[in-house]
Amino acid sequence: MELMKKSVSGRVPWLVSAGAASLLAALLRRWQLASAFEPSGLATPGAQSSVILLCVLVMSGAWFILLAQYQPLSKRPWAAGQAHRWDLVFLDVGDPVYPILVVSASFLALACVPVLLPVGLEQWKLYQERVAAELQPPSNNGMLTIATGVGALLSALGLLQMGRDGLRPGKRGRGGFSAALPGVAGCVWMMESFRAHAANPVQWDYAPQLLAIVCGMMLYMDFAGMSAGASRPRRLLWLAGMTAVLSAVAMATTGSELAALAAAGGPVVSPQLGDLLLLLSQTLAAAAVLWRLPPNLENPPKLNSSPHPQPSGEASIQEETTDE
């Protein structure tokens, strides 16, 4: 019971701070979209909503730095003569919330595949038809959209393995490879997002989404580093918090674009829907990190040769997670 109380208290500051900052940032972004742009689409310089949103983002980053700086880290060695085994902190057992969040993130990424692949193939078909007719081809040939859809599939597979490891620990090192897949997919997604918005002179239109993608990509890479001997647990917590906040801002934008598209009679199955699903996916992954990492940094799971949990209720790690 005492361990459970410590686990809850360890994650509360992160979850409450990230949730409150994400909600506030999303509401401010909605206000900005409604008031800080001229009819021509250009941003109004010095708009109050833009200034307040920027201040909230900076203050959120600073607050997460303070939380990370004072995040307790266990001094207990994992075993006699061994250094800390950071690769095990996400392989805890007995906690269903983490795998539920990660598996849900996996299904959201998987839902992007039937959205992005048909859109990309249609763009590629149109490009080929224009080239064959010796007409000016469109600027987008659909290849990056198709690659983003394939990346979403890889991301879903990696997240699914991460959720499986969190529920039933696998062999050491597998979790790092799984977590790297969404990070690699994020590189392609970032290129596609930049291609779609690079010609737009209004930075407020695309900068939040690019920042959210970059932050999520770094989150997955640091997650993978926990299993690869390059652990940065405090930085991983900061990235998880900022990923949630920046994704909330980007989702407010994408949601508005989808609503406008539907109101104009356009197809809802569009790149914007794919972006929204991927942003939701990385938000759930960030929430999973904020749920499990803080208490496990303070009270890490113990190595145990028994495949069954400790009678006391304290989580244990199966022997197969050790080096073979």
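Heads up: numbering here begins at 1 and tracks the sequence. Everything numeric in this text was worked out from a predicted model, so none of it was measured.
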| query | Does the side-chain contact (heavy atoms from CB on, under 4.5 Å) test come out yes or no for W189 and D275, once each step is laid out? | reply | CA-CA 9 Å; W189 181 24; D275 288 339; 2.9 Å; yes
| request: Could you list who else is in M221's hydrophobic cluster, with ILVMFWY side chains joined at under 4.5 Å, directly or through other members? | output: V184
| query | Within a strict 4.5 Å, meaning less than it, do heavy atoms of the L246 and P208 side chains meet? | reply | no
| request: Please step through side-chain contact (heavy atoms from CB on, under 4.5 Å) for the pair S270 and V119, ending with a clear verdict. | output: CA-CA 7 Å; S270 60; V119 171; 5.5 Å; no
| query | Regarding Q123 and T145, is there a side-chain donor-to-acceptor distance under 3.5 Å anywhere? | reply | yes
| said: Tell me whether E122 is salt-bridged to K125, with the criterion being a basic N under 4.0 Å from an acidic carboxylate O. | reply: no
| Between the side chains of Q48 and W31, does any donor sit under 3.5 Å from an acceptor? | no
| task | Would you sort out whether T254 and Q272 count as a side-chain hydrogen bond (donor to acceptor under 3.5 Å, both in side chains), showing the intermediate values? | result | CA-CA 6 Å; T254 309; Q272 289 84 356; over 6 Å; no
| task | Run the numbers on Q32 and S50 for side-chain hydrogen bond (donor to acceptor under 3.5 Å, both in side chains), then give the verdict. | result | CA-CA 6 Å; Q32 184 191 42; S50 300; 2.8 Å; yes
| message | For R234, is the CZ atom crowded, meaning more than 12 foreign heavy atoms sit under 6.0 Å from it? | response | yes
| query | Parallel, tilted or perpendicular: which fits the ring planes of Y98 and F223, with parallel below 30° and perpendicular above 60°? | reply | parallel
| Would L116 and V150 count as a side-chain contact (heavy atoms from CB on, under 4.5 Å) if you check the C-alpha gap in whole Å, the side-chain angles of each, and the deciding distance to 0.1 Å? | CA-CA 9 Å; L116 294 177; V150 175; over 6 Å; no
| Can L159 and V103 be said to form a side-chain contact (heavy atoms from CB on, under 4.5 Å), step by step? | CA-CA 6 Å; L159 287 166; V103 170; over 6 Å; no
| task | Tell me yes or no: between the side chains of S193 and Q209, is some donor less than 3.5 Å from an acceptor? | result | yes
| task | Check for a donor-acceptor pair, side chain of S155 on one end and backbone N or O of A185 on the other, with a separation under 3.5 Å. | result | no
